[in-house]
Asker: 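One structure coming up, written as structure tokens, with questions to follow.
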Number of protein chains: 2
Amino acid sequence: MVGDRWSLLVVRELLVGPKRYSDVLSGLDGVATNLLAQRLRSLEDTGVVERRVATNPNGIVYALTPWGAQLRETVEALVRWSTPLMALGQGDDAFQAEWLVLALRALLPDRTSKRPIRVHFAVAGALIGLRIDQAGTRVEPRPTDQADAVLDASPTVILGLAAGALTVEQAVAAGSLRGSQRSLDTVFTSHSVIDD
Amino acid sequence: MVGDRWSLLVVRELLVGPKRYSDVLSGLDGVATNLLAQRLRSLEDTGVVERRVATNPNGIVYALTPWGAQLRETVEALVRWSTPLMALGQGDDAFQAEWLVLALRALLPDRTSKRPIRVHFAVAGALIGLRIDQAGTRVEPRPTDQADAVLDASPTVILGLAAGALTVEQAVAAGSLRGSQRSLDTVFTSHSVIDD
DNA sequence: CCGCATCCTCATGGATACTG
DNA sequence: CAGTATCCATGAGGATGCGG
């Protein structure tokens, strides 16, 4: 059901949130439109994906069913497994800021904090939001309000940090990471620091 | 690296333990021999699989590298995700007793017990062993010594039990599960029962 | 036997153009 | 925007061969 080519990548796209056809397409570099249509119908037939026709605008969005959403564990496991490859960074790697929504959630430990903290990642010309509160760690496609800290870095560096393959000190020394030490600590160090 | 057809299934086979070419082949119903050879070489090139030439007999075994073995989390996530399908049991489902080594480990909670207990599953004409001790829950292709309990059931029933989709009472009432109530409790109920 | 390599056929995927 | 239709290239499946 999810072993066909592109299928699990479609799921990955929808794990960020419901999307329209063209948005799924743009997240999947190289997929043929006919194949995407075929995969979406297949995933719909097997109950992984749900096709919704929006009422007000003429829009069709695809979303994961509750069962399909349970593939998050699988995809996150793959994200964690592949971090050594991401850290390597082959020359032809593609990148979209939105992908961090999934990756960071998979890589960062699920911290909680009584006082909610908000961090914005400025990367590849886009902003994504990270929120840590009582409910745990949540990553969102768009930041909703003021940030307590802002991190500005290349994707590779951020992933390297999250994976623990790179230390904050190394990244700062290399000039590849901007943002105050306080900001960095807020995200990447121990819970006591976050909650202080 | 593991998205090609059959690749992750090869990994699944090797997660049980190192295997020879022909054994991997027989675990993968429908794969062409040339494809298997190609995939194994590909997995070897990318550092997921290791090819070992045994010294004493003329044998070649394939094994997962440490990094490749970390795909266990991914495969186990898929096992858990797909239990509703396994419980459904399509008519053309194939089954090999050895597959339970992976499935049970993914499905059963990782219990520990001071006094080691050994359970044998008699299924599809073969025996597999389950051991619970201080180190946790371990499943092995072959039982090594005397069992404290023996479960004799159809694969579907065992999976249903492990997944929690079926209760012990239902299975016994349906006559599809043999073995003493004590034996069943030993495996499927709370830790306190196991350790009593 | 085991561990593949070769050959052939056909299903599947990829690229592009096109349409309601 | 949300796909469909078409055509071509690639990869999968199946049978077979062959050396160790």
Side-chain angles (χ1 to χ4, degrees), chain A residues 1-14 16-46 48-65 68 92-94 96 98 141, chain B residues 1-14 16-46 48-65 68 92-94 96 98 141:
Chain A
M1 288 183 173
V2 295
D4 284 332
R5 224 165 184 172
W6 298 108
S7 292
L8 208 54
L9 293 170
V10 169
V11 172
R12 180 196 70 183
E13 289 301 306
L14 296 181
V16 174
K19 283 187 176 185
R20 288 174 303 166
Y21 185 90
S22 54
D23 290 329
V24 176
L25 193 67
S26 65
L28 267 40
D29 193 35
V31 68
T33 62
N34 55 353
L35 255 198
L36 178 58
Q38 183 183 313
R39 288 292 179 267
L40 281 170
R41 203 171 312 126
S42 165
L43 289 169
E44 193 189 350
D45 291 343
T46 54
V48 176
V49 161
E50 192 184 16
R51 179 193 163 106
R52 296 179 190 159
V53 181
T55 51
N56 16 357
N58 61 338
I60 298 171
V61 290
Y62 293 92
L64 293 171
T65 64
D92 59 344
D93 281 356
Q96 294 181 220
E98 196 198 59
Chain B
M1 287 183 172
V2 295
D4 284 333
R5 222 164 185 171
W6 297 108
S7 291
L8 208 53
L9 293 171
V10 170
V11 171
R12 180 196 71 182
E13 288 301 304
L14 296 182
V16 174
K19 284 188 175 183
R20 288 172 305 167
Y21 184 90
S22 55
D23 290 328
V24 176
L25 193 67
S26 64
L28 267 39
D29 192 35
V31 68
T33 60
N34 55 354
L35 256 199
L36 179 58
Q38 183 182 313
R39 289 289 180 269
L40 281 170
R41 203 171 312 126
S42 165
L43 289 169
E44 193 189 351
D45 291 343
T46 54
V48 176
V49 161
E50 192 183 18
R51 179 194 162 106
R52 295 178 190 162
V53 181
T55 53
N56 18 355
N58 62 337
I60 298 172
V61 290
Y62 293 92
L64 293 171
T65 64
D92 59 345
D93 280 357
Q96 294 182 221
E98 196 198 59

Asker: Tell me the interatomic distance from I60(B), atom CD1, to dA5(C), atom C1', rounded to whole angstroms.
Answerer: 14 Å

Asker: Which residue lies toward the 5' end of DNA chain D, R41(A) or R5(A), if each is placed at its nearest nucleotide?
Answerer: R41(A)

Asker: Of the nucleotides dT12(C), dT4(D), dA2(D), which one has an atom closest to the side chain of A37(A)?
Answerer: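 Side chain of A37(A) sits closest to dT4(D).
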
Asker: Output yes when a side-chain donor or acceptor of Y21(A) lies under 3.5 Å from a complementary backbone atom of T33(A), and no otherwise.
Answerer: yes

Asker: Let's test your reading of the model: under 3.5 Å, does the base of dG14(D) pair with the side chain of N34(B) as donor and acceptor?
Answerer: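 Result: at least one qualifying N/O pair found.
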
Asker: So, the side chain of S42(A) versus the backbone of Q38(A): is there a donor-acceptor pair under 3.5 Å, distance only?
Answerer: no

Asker: Please tell me which of the listed nucleotides, dA2(D), dG13(D), dC4(C), lies nearest to the side chain of L35(B)?
Answerer: dG13(D)

Asker: Below 4.0 angstrom from OP1 or OP2 of dG13(C), is there any side-chain N or O of Q38(A)?
Answerer: yes

Asker: Is there a donor N/O on one and an acceptor N/O on the other, under 3.5 Å, for the side chain of T33(A) and the base of dA15(C)?
Answerer: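 In this structure, the two groups form no donor-acceptor pair.
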
Asker: What is the distance, rounded to the nearest whole Å, between atom CG of L43(B) and atom P of dC4(C)?
Answerer: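 Value for this atom pair: 14 Å.
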
Asker: Give the rounded distance in Å between these two atoms: CG of L25(A) and C1' of dA2(D).
Answerer: 10 Å

Asker: Starting at OH of Y62(B) and ending at C1' of dC2(C), how long is that distance when rounded to a whole Å?
Answerer: 11 Å

Asker: Looking at R5(A), is its backbone amide N or carbonyl O close enough to the side chain of R39(A) to form a donor-acceptor pair, meaning the two atoms are under 3.5 Å apart?
Answerer: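 Yes, the answer is positive, given that a donor and an acceptor are paired below the 3.5 Å cut-off.
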
Asker: Atom CG of L40(B) to atom C1' of dA5(C): distance rounded to whole Å?
Answerer: 14 Å

Asker: Which atoms form the tightest heavy-atom contact between E13(A) and K19(A), and what is the distance?
Answerer: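 Result for this residue pair: OE1-NZ, 2.7 Å.
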
Asker: Rounded to the Å, how far apart are E44(A) CD and dG3(D) C1'?
Answerer: 14 Å

Asker: Do side-chain atoms of T65(A) reach the backbone of E50(A) as a donor and acceptor pair under 3.5 angstrom?
Answerer: no

Asker: Can you tell me if the side-chain N/O atoms of R39(A) get under 4.0 Å from OP1 or OP2 in dT12(C)?
Answerer: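 Answer is no, no contact under 4.0 Å.
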
Asker: If I take atom CG in residue L36(B) and atom C1' in nucleotide dG3(C), what distance separates them, rounded to the nearest angstrom?
Answerer: 10 Å

Asker: Between P on dG14(C) and CG on D4(A), what's the gap in Å once rounded to a whole number?
Answerer: 11 Å

